[in-house]
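Accompanying notes for the structure given below.
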Amino acid sequence: MSTYGFVKVPRDVEKAVPAANAPTPQRPELPNGPFETAVLAYATEQLPQKTLYHSLRVYLYCLAIMKDQFPNWDLDTGVLFTTCLLHDIGTTDANMKATKMSFEFYGGLIARQWVMEESKDQDYAEAVSEAVIRHQDLGTTGYITSLGLLLQIGTILDNVGKHTHLIHDDTLDYVNRKYSRDGWCQCFAHAIDKENAEKPWGHTSALGPDDFRNDVLANSVRYLHSALDS
Ligand code: ZN
């Protein structure tokens, strides 16, 4: 089950990584197995390019962070890839119109159904779905799957600029050159506002309807080495 991330780890990143290893410069790459190729094709068809590139950056960060900070985990990188690529599927215009549910909950249902149909593997489908549903369930109490924790770290790193101590500057530069940000924080801040306007009861509001958007817009991390590029 640990290949799917069904391992209890603290939700609090400080407790999950009490003493971070010195991160190493890495050049993480996308997987190219048949299942991952199908996931990439589906995500490319469904997601706007900015969201697709964010999802690809998140995967590459997670891969590098797992290698540096969780070297003993045997979480499957294909499961990680599928999870990262589908984590924001609930934010597309079509899926926003299709539901009154919180985007990450509805996205978790879509991801579960898609992975189930494609893989016929319930553990795989539920691992992805659970992590997608909880990817904005940030906090310092209780537990989460290892897959869910990694997705939380990767998304918050790309959106708010937290947890940069877990990844090497060169890795950040490499990933952000490969899949450029192109105004990502403004785009995501808009998605937060849209979610809170259309579904004010939703889970995104738990992060503070204005606080979370403001944190995203205040992200001052330099993801590229050259200030001219960032
Ligand atoms: Zn995201």
Side-chain angles (χ1 to χ4, degrees), residues 3-6 26-67 74-99 101-136 145-148 150-155 157-159 171 174-184 187-188 190-191 194-195 223:
T3 56
Y4 295 102
F6 285 119
Q26 295 183 45
R27 297 188 158 213
E29 297 300 333
L30 303 187
N32 55 13
F35 195 85
E36 292 78 28
T37 302
V39 174
L40 181 58
Y42 175 66
T44 303
E45 173 197 296
Q46 295 286 320
L47 300 173
Q49 184 179 307
K50 283 183 186 181
T51 311
L52 176 69
Y53 276 23
H54 157 68
S55 304
L56 290 165
R57 289 193 302 274
V58 168
Y59 169 72
L60 296 173
Y61 299 157
C62 287
L63 196 60
I65 290 169
M66 184 160 70
K67 199 169 170 191
D74 63 350
L75 181 62
D76 183 83
T77 54
V79 173
L80 178 62
F81 183 71
T82 301
T83 306
C84 293
L85 271 278
L86 300 184
H87 84 277
D88 276 339
I89 193 80
T91 63
T92 66
D93 285 343
N95 288 334
M96 286 291 288
K97 282 198 194 99
T99 189
M101 291 174 67
S102 300
F103 87 86
E104 67 272 53
F105 295 9
Y106 190 66
L109 298 183
I110 294 172
R112 186 185 185 284
Q113 186 177 359
W114 191 88
V115 176
M116 194 67 196
E117 280 171 9
E118 296 292 320
S119 71
K120 317 291 183 214
D121 180 341
Q122 188 172 338
D123 287 336
Y124 193 165
E126 292 187 347
V128 173
S129 181
E130 172 85 6
V132 170
I133 287 169
R134 292 196 65 193
H135 86 268
Q136 293 202 120
T145 66
S146 57
L147 179 64
L150 206 46
L151 181 62
Q152 286 192 350
I153 292 172
T155 53
L157 172 60
D158 203 52
N159 291 334
T171 312
Y174 177 75
V175 171
N176 280 271
R177 246 168 240 290
K178 208 166 166 103
Y179 299 108
S180 65
R181 303 184 65 74
D182 191 22
W184 169 248
C187 179
F188 184 58
H190 176 69
K194 190 170 179 213
E195 175 79 356
Y223 290 87

query = Would you say D121 and F35 make side-chain contact, with heavy atoms under 4.5 Å?
reply = no

request  = Evaluate the criterion side chain to side chain contact (heavy atoms under 4.5 Å, CB included) for residue pair Y42 and L85; output intermediate values, then yes/no.
outcome  = CA-CA 9 Å; Y42 175 66; L85 271 278; over 6 Å; no

remark   = For T83 and V132, the nearest pair of non-hydrogen atoms, with its separation, is O-CG2, 4.2 Å

message = If I compare all heavy atoms of T145 with all of F6, which pair ends up nearest, and what's the gap?
response = CG2-CD2, 4.0 Å

ask   = Passes side chain to side chain contact (heavy atoms under 4.5 Å, CB included), S129 versus Q113? Steps please.
value = CA-CA 9 Å; S129 181; Q113 186 177 359; over 6 Å; no

ask   = Does the distance from a Lys or Arg side-chain N to an Asp or Glu carboxylate O, for D93 and K194, drop under 4.0 Å?
value = yes

message = Hydrogens and angles aside, do D182 and Y53 bring a side-chain donor and acceptor to less than 3.5 Å of each other?
response = no

query = Is it true that H87 and Y59 have ring centroids separated by less than 6.0 Å?
reply = no

query = OH of Y4 to OG of S146: how many Å apart, nearest 0.5 Å?
reply = 13.0 Å

message = The test is side chain to side chain contact (heavy atoms under 4.5 Å, CB included); show your working for Q26 and L60 and say whether it passes.
response = CA-CA 10 Å; Q26 295 183 45; L60 296 173; over 6 Å; no

query = How long is the gap from OG1 on T3 to CG on D123, to the nearest 0.5 Å?
reply = 8.5 Å

request  = Nearest 0.5 Å please: distance from the NZ atom of K120 over to the CD atom of E118.
outcome  = 7.5 Å

note = Distance col, row R57:CZ vs D158:CG, nearest 0.5 angstrom, shows 4.0 Å

key: Working for side chain to side chain contact (heavy atoms under 4.5 Å, CB included), residues I110 and L86   = CA-CA 9 Å; I110 294 172; L86 300 184; over 6 Å; no

query = Can you name the closest pair of heavy atoms from Q152 and R134 and give their distance?
reply = NE2-O, 2.8 Å

ask   = If every non-hydrogen atom of I89 is compared with every non-hydrogen atom of N95, which pair is closest and at what distance?
value = O-ND2, 2.8 Å

query = Do L56 and F81 come within less than 4.5 Å of each other through their side chains, counting heavy atoms only?
reply = yes

key: The single option from T155, N176, T171 passing side chain to side chain donor-acceptor pair (under 3.5 Å) against Y61   = N176

note = The reported gap from NE2 in H54 to SG in C84 (rounded to nearest 0.5 angstrom) is 9.0 Å

query = Any chance NZ of K67 has more than 12 other-residue heavy atoms, nucleotides or ligands included, within less than 6.0 Å?
reply = no

ask   = Would you say the side chain of L52 lies within less than 4.5 Å of the side chain of Y179, judging by non-hydrogen atoms?
value = no

request  = Indicate the atoms forming the closest heavy-atom contact of L80 with M66, along with that distance.
outcome  = CD2-CE, 4.4 Å

key: Rounded distance [0.5 Å steps], CG in L109 versus CE in M101   = 4.5 Å

task = Taking the side chain as every heavy atom from C-beta outward, state whether T99 and F105 have any pair of such atoms under 4.5 Å apart.
result = no

request  = Grab the two heavy atoms, one from P31 and one from E36, that are nearest each other, plus how far apart they are.
outcome  = CG-CG, 3.5 Å

request  = State, without any angle test, whether Y124 and D76 hold a side-chain donor-acceptor pair at a distance under 3.5 Å.
outcome  = no

